[in-house]
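Written below as C-alpha cells is the structure these notes are about.
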Amino acid sequence: MKPERAALAAVAPYLWLLAFFAVPFLLVAKLSLSDSVLAMPPYAPQIDLSRGADGVRAFLAALDLETYLRLVRDHLYLDAYLSSLRLAATGTVILLLIGYPIAYGITRCAPGPRQALLMAVILPFWTSFLIRIYAWIAILKPQGLLNAALGALGLEPVNLLNTEAAVILGLVYAYLPFMVLPLYAVLTRQDESLIEAAQDLGASPTRAFWTVTVPLSLPGVAAGALLCFIPMAGEFVIPDLLGGSETLMLGKVIWIEFFANRDWPAASAVAIVLLVTLLVPIMLLERAPPKVLR
Amino acid sequence: MTGRLQIGAIRSSFAPWEDPLLKPLVRFEAVSKRFGETAAVSEVSLAIYEGEFFALLGPSGCGKTTLMRMLAGFETPDAGRILLDGEDIAPLPPHRRPVHMMFQSYALFPHLTVAQNVAFGLKQRGDPKAEIDARVDEMLGLVKLAGLGRRRPDQLSGGQRQRVALARAIAPSPRILLLDEPLAALDRKLREETRVELMALQQTLGMTFVIVTHDQDEAMVLADRIAVMRDGEVAQVGRPAEIYEAPADRYVAGFVGDVNLFEARLDSVDGGRVRLASPEGRFEADDDDPPEVGATAWLAVRPEKMRLTVEPPPEGPNRLSGRISDIGYLGDWTTYGVEIAPGRVIRAARANAARRVEAPLGWDDQVWLAFAPDAAVVLKR
Amino acid sequence: MRRGPSAFNVAAIVAGLVFLYLPIVLLILYSFNASSLVTVWGGFSTRWYAALAKDQQMLDAAWTTLRVGAISATLATVLGVLAAVALVRAGKFRGRWGLAGMTYATLVMPEVILGLSLLLLFVAVGAPRGFWTVTLSHATLTLAYATVVVQARLASIDRSLEEAAQDLGCPPAMAFLKITLPAIAPAVAAAWMLAFTLSLDDLVIASFTSGPGATTLPMRLYSQVRLGVDPKINAISTLLIGLVATGVIAAYLIQQRAARRA
C-alpha cells in the first residue's frame, strides 16, 4: 500500500476524535466561562442563533471568569487541587518502589515463567476496576477482614477505610500493572552483555545494577511514572469509595459539582484546571509513546 | 636428505609452549560444561602462555565461546579446573578476575561517553581521578580515538565503536584480554586493516590475547597458536602453519582451507615413505609416523599443491587425469575443478604469476594432476 | 548468560502477586458465603447467585452493558485499525501529529474529564442521552486502546511480505487484505477484547453520558456499593471476573499460538 493511500485511512478516526474528543474540550472551556442557572441545561448564556451575529456577540459578552474567581476564593478547591497532586505523587513514588523490583524480577526469569508472570500482572487490569476497589472495602472497613485477621493475631484493630492511606493503597493497587509494564518493557530490552561488560570490568553485580541497569531503565521509569500520575491525579472512583468524605480530589470535585450541586460551569472550570495541570505531563508522555500494551 | 625441512613459511623464535620449564598463564584441566542435554565443552585441556596471541577457532556451536566465557567467569565449569598463574579461579566472580573481555556486540554503555566507557574499569578499581583521566587519554590515543572522548557510542562509526570496546577492555591492564569475534561486525576492508592494528597492539602491550573466531583467515593471520574446536572438543592445537600443513585429522584439514581427500589402503612403509592404493590410483607420501600396513588412511592434498598440466606427467604414483569442470578466476589465483570420475571433482589452484598466458585452459579440457610426495599428508582419522 | 531471579526478586514477585490477587480471591470466596456478614464464614452457599437471578434491575443493567460493550468495541476496533494503518504505513502526513496526539491523550485523560466533555457535546447538539450516547462515548474511549494494540502488531510486520505479494501480481489493496490483515488478525481480536472489557468496566463516562433507561452494570453496582458491602455484589463481581478472565486468557493463548506460527 502506498503511503498516500494509507493516509486516507486516517480520515475516519481523525474526524471521530475531532468530534468526540477535541470539540468537547472546547465546549468544556466555553462552559467554564458561563454562569450557573436553575434551568435545563443549567447554564447561561446560550447562543441565540436566530438573532444572527448579534446573538453571538451577546453570547460572547456574557462570558466571564467569574467561575474561576469562585474557585480561587474557596479554599476547598485549592485543598482538593493540592491533595490530588500530593496523593498522585505519593502513589507514583510507592508504585515505583514496588513496581521496579517486580518488573526486574520478571525479566530475570526464564522465558516460560516470564510470559506467565507478565500475564498474571496484566490480568487484574482487565477485571473491573470498580470491583477491585470494592473488594478493598470489605477488607478495610472497621469490621472487615483486615481487622478480623489482626484480632485473630491479638493485635489492635486499625481504622483505614475513609482515610488518605486507603486512597493511596487503592491507587497503588489499581495502577500497579501500568507501572510494571513500561518498566518491564525497557528492562527486558536491555542488552544482557552490558551487565556482563560491567562485571567483566570489575563492577560487582550490585554495582552493575546501579551503574548500568538503573540508568538505562530511566525512560521506562519516566513513562511508568507519567502513565500512572496523570490518570491518578484525576481519579474519582478510588477517593470516592475508599477516601470517604475526608479526602477530596479533583476528579471527585468535578463529580460532586456536576451530579450533586448541578453546577456545570464549576465542574467545567475544575476540569479545565486539572487539564491544564496535566498538560505538561501528557505532552512529556507523548514524546515517548507508552509501550504498555505491546 | 640434507637438512630437515621445517613446516610452514614463517620463522619465529616465540614459542613458550616448547619450553618445558615455563608455567602457562592459563591452564584448562579437563574442563566440561553442559547446557541441558547438549555438552557445550567436554574434557578440554589447554595451556595458554604469557604474551601469547591465542585463537579458539571453530564453527558456531563448537564450544569456543563457552570456553572463553568460563575464563571470564560468566559460566562455571561442571567439571575440571581453570588455573590462572597456577591458582584455581573457580571461586572468583567475574568482577574479581584480572581477565577482561571485548564483547562481540561491543557492549558499550549507551548512557556513558566514550571516555566514561573507557574509564569504567578503572573507576571500579578505585583509581584516583587524575590517574584515570591520564590513562583514558593514553588509551584513546593508542586506539587512535584521541579527541572523541566526549562523544556517545551512538555518535561513532562501527569501526570507532570497536576501538572504544578495545580501549575499554585493555585500560585496566588485564592479565588476559578476551576478544569475542572482535572483527565480525566490520566490513571486509576495515577488518583487514584492524587485524594488522590488533597484532601491532598486542606486540606493543605484550599482553596475552585470546580470540574467539569462526573465521580461519583471521585466526591464521593473528594467532601465535590456534586451537581448532569441534563439538566441544579441541581437535588440534598448533601454530597456524602446523594446523594448515600438518592437520591432525580430516576435520581440521577441511575446516582450515580447501583440501582434496583420497581414501586409500596403506600398502607398505619404506623409511619415511608411505605407499597407498585406492581405486583412484596409487599414491606415495612422506610420513614419520605412519599408520600400520593394511589400515585405511586418508591422503590430504591442498589445491595449491596440485600441479595442473595438459601434458601427461611421467609414469608413476600421485598422478590423476580428468576434465576441467569449473574455473574460478580470483585475480591472484585461479581455481580449477577437475572431474576425474563422474561426480568426483578434485580442486587445484594456480597462482596467476604472469599477466599473459600462452595456452589458457578452458572448460572440458583434458588435463593431468600430480603432486609431490611431501605435498601430501597421511591422515589416520 | 541470563542470571536467574534472586531471592529478593522472587520475594518481590510473590508479594506483588499476593497484593494483586488477594482482594480478588477473598471477594470470590465470600460470594459463596452463606452468611450475609462479610467477616463471618457461614458455610458454602450459592444463595447470592440465586438472588442475583431474580434481580431484574441487575439483569437489565447487565444486558445493556453487554450491548454497549459489543457495539462500541466493534466501532472502536474498525476505527482503530484504520488509525493504526495510517500511523504505521502513511509515513508523515498532515494530521499525523493530531491523530497520534489525540490517541495518546485519550489513553491517559482522567475519565471524569472525558465524561464531562462528552456530555456537554451531547447537550450542545441536543442528542437525547441514553443507550447510543454511552455507546459512542465508549467507542471514543476505547478507540485509543484499540489503535495502540493494532499499531504495535502492524509495526512488527515485515513490509516486504506485502511487497512480495505485489511483486507476484497482487494489487496493493488486495495485498493488504490477503497478507497483512490475516497477520494482524490476532491483534485485532485482542483490540476488540480490550475495548469490550474497558466498556464493560467503565463507570465514570457512562454515568455522565447515560440517560434514563440505559443504566449500565457498573452504574448499578456503584449505587449498590455506596450502600455498603453486599454479598450479591460479590456474586455478580465473581461472574464478571470469571467472564473477563476466561476471555482474556483465551485471547492471550490465541495470540501466543499465532506468535509461535509467525
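Residue numbers start from 1 in every chain, and the chains themselves are labelled A, B, ... in the order their sequence lines are given, proteins ahead of strands.
- For the set C/L99, C/T197, C/V244, the count of heavy-atom pairs under 4.5 angstrom toward chain A peaks at C/L99.
- Taking CD1 of A/I131 as the reference point, atom CD1 of C/I241 lies at 5.0 Å (rounded to 0.5 Å).
- The CG atom of C/L29 sits 9.5 Å away from the CG atom of A/L145 when rounded to the nearest 0.5 Å.
- Of all the listed residues (A/L18, A/L130, A/V11), the one sharing the greatest number of non-hydrogen pairs under 4.5 Å with chain C is A/L130.
- Proximity to chain A (any heavy atom under 4.5 Å) is shown, for C/L118, by both the backbone and the side chain.
- Contacts of C/F19 with chain A are made by both backbone and side-chain atoms, with heavy-atom separations under 4.5 Å.
- At a 4.5 Å heavy-atom cutoff, the contact between A/I282 and chain C is made by side-chain atoms alone.
- Counting heavy-atom pairs closer than 4.5 Å to chain C, the top residue among A/R132, A/M119, A/E235 is A/M119.
- To the nearest 0.5 Å, atoms CZ (A/F21) and CG (C/L141) are separated by 10.0 Å.
- The parts of A/L169 that come within reach of chain C are both its backbone and its side chain, each placing non-hydrogen atoms under 4.5 angstrom from that chain.
- Heavy-atom pairs under 4.5 Å with chain C were tallied for A/I137, A/D240, A/V270, A/V172; the largest tally goes to A/D240.
- Looking at A/A19, only its backbone comes within 4.5 Å of chain C, counting heavy atoms on both sides.
- Both the backbone and the side chain of C/L136 come within contact range of chain A, each with at least one heavy atom under 4.5 Å from a heavy atom of that chain.
- Counting heavy-atom pairs closer than 4.5 Å to chain A, the top residue among C/A155, C/A124, C/S237 is C/S237.
- Only the side chain of C/L75 has a heavy atom closer than 4.5 Å to any heavy atom of chain A.
- Counting heavy atoms from C-beta outward, A/L250 and C/P110 have side chains that stay 4.5 Å or more apart.
- Annotation: the span from C/L17 atom CG to A/L176 atom CG amounts to 9.0 Å, rounded to 0.5 Å.
- With a 4.5 Å cut-off on side-chain heavy atoms, A/K252 and C/V112 do not count as touching.
- Proximity to chain A involves both the backbone and the side chain of C/S207, based on heavy atoms less than 4.5 angstrom apart.
- Summarising the geometry, atom CD1 belonging to C/I24 is positioned 7.5 Å from atom CG belonging to A/L123; distances are rounded to the nearest 0.5 Å.
- Residue C/L27 touches chain A through its side chain alone, counting heavy-atom pairs closer than 4.5 Å.
- Inter-residue side-chain proximity for C/L116 and A/W255 is flagged as unmet; no heavy-atom pair is nearer than 4.5 Å.
- Of the atoms belonging to A/F229, not a single heavy atom falls under 4.5 Å from chain C.
- Your options are C/V108, C/V81, C/L119, and the one with the most heavy-atom pairs under 4.5 Å with chain A is C/V108.
- Note that CD1 of C/I13 and SG of A/C109 are 4.0 Å apart. Values are rounded to the nearest 0.5 Å.
- Both the backbone and the side chain of C/A83 come within contact range of chain A, each with at least one heavy atom under 4.5 Å from a heavy atom of that chain.
- Listed options C/A144, C/G16, C/G101, C/A76 were ranked by heavy-atom pairs under 4.5 angstrom with chain A; first place goes to C/G101.
- Of the listed residues (A/F129, A/F25, A/W16, A/W136), the one with the most heavy-atom contacts under 4.5 Å to chain C is A/W16.
- Interface remark: C/L20 contributes backbone and side-chain atoms alike to the contact with chain A (heavy atom separation under 4.5 Å).
- Contacts of C/L240 with chain A are made by side-chain atoms alone, with heavy-atom separations under 4.5 Å and no backbone atom involved.
- In this structure, C/Y222 has its ring center at least 6.0 angstrom away from the ring center of A/Y134.
- Considering A/W264, A/F258, A/F236 in turn, A/F258 is the only one that fulfils the ring-ring contact (aromatic ring centres under 6.0 Å, His included) rule with C/F208.
- The contact between A/I139 and chain C is made entirely by side chain atoms (from C-beta outward), counting heavy-atom distances below 4.5 Å.
- Of all the heavy atoms in A/A271 and C/I113, the pair that sits closest is O-CD1, 3.8 Å.
- For A/S193, no part lies under 4.5 angstrom from a heavy atom of chain C.
- What you find for C/M102 and A/A22 is that their closest heavy atoms are SD-CB, 4.1 Å.
- With a 4.5 angstrom heavy-atom cutoff, C/T103 touches chain A via backbone and side-chain atoms both.
- Taking the six-membered ring for Trp and thresholds of 30 and 60 degrees, C/F122 and A/F20 have ring planes inclined between 30 and 60 degrees apart.
- The two atoms that bring C/S117 and A/P24 nearest to each other are O-CB, 3.2 Å, heavy atoms only.
- Among the candidates A/V180, A/I98, A/L278, A/L274, the residue making the largest number of heavy-atom pairs closer than 4.5 Å to chain C is A/L274.
- Surrounding CZ of C/F8 are at most 12 heavy atoms belonging to other residues, nucleotides or ligands under 6.0 Å away.
- Of the residues considered (C/G80, C/S156, C/A12, C/P23), C/P23 shows the highest number of contacts with chain A, using heavy-atom pairs under 4.5 Å.
- Checked options A/L26, A/V23, A/L31; the residue passing with C/L120 is A/L31 (criterion: side-chain contact (heavy atoms from CB on, under 4.5 Å)).
- Proximity to chain C involves both the backbone and the side chain of A/L275, based on heavy atoms less than 4.5 angstrom apart.
- Top candidate by heavy-atom pairs under 4.5 Å with chain C, chosen from A/A267, A/P231, A/P124, is A/P124.
- The candidate from C/D202, C/L143, C/L198 with the greatest count of non-hydrogen atom pairs under 4.5 Å with chain A is C/L143.
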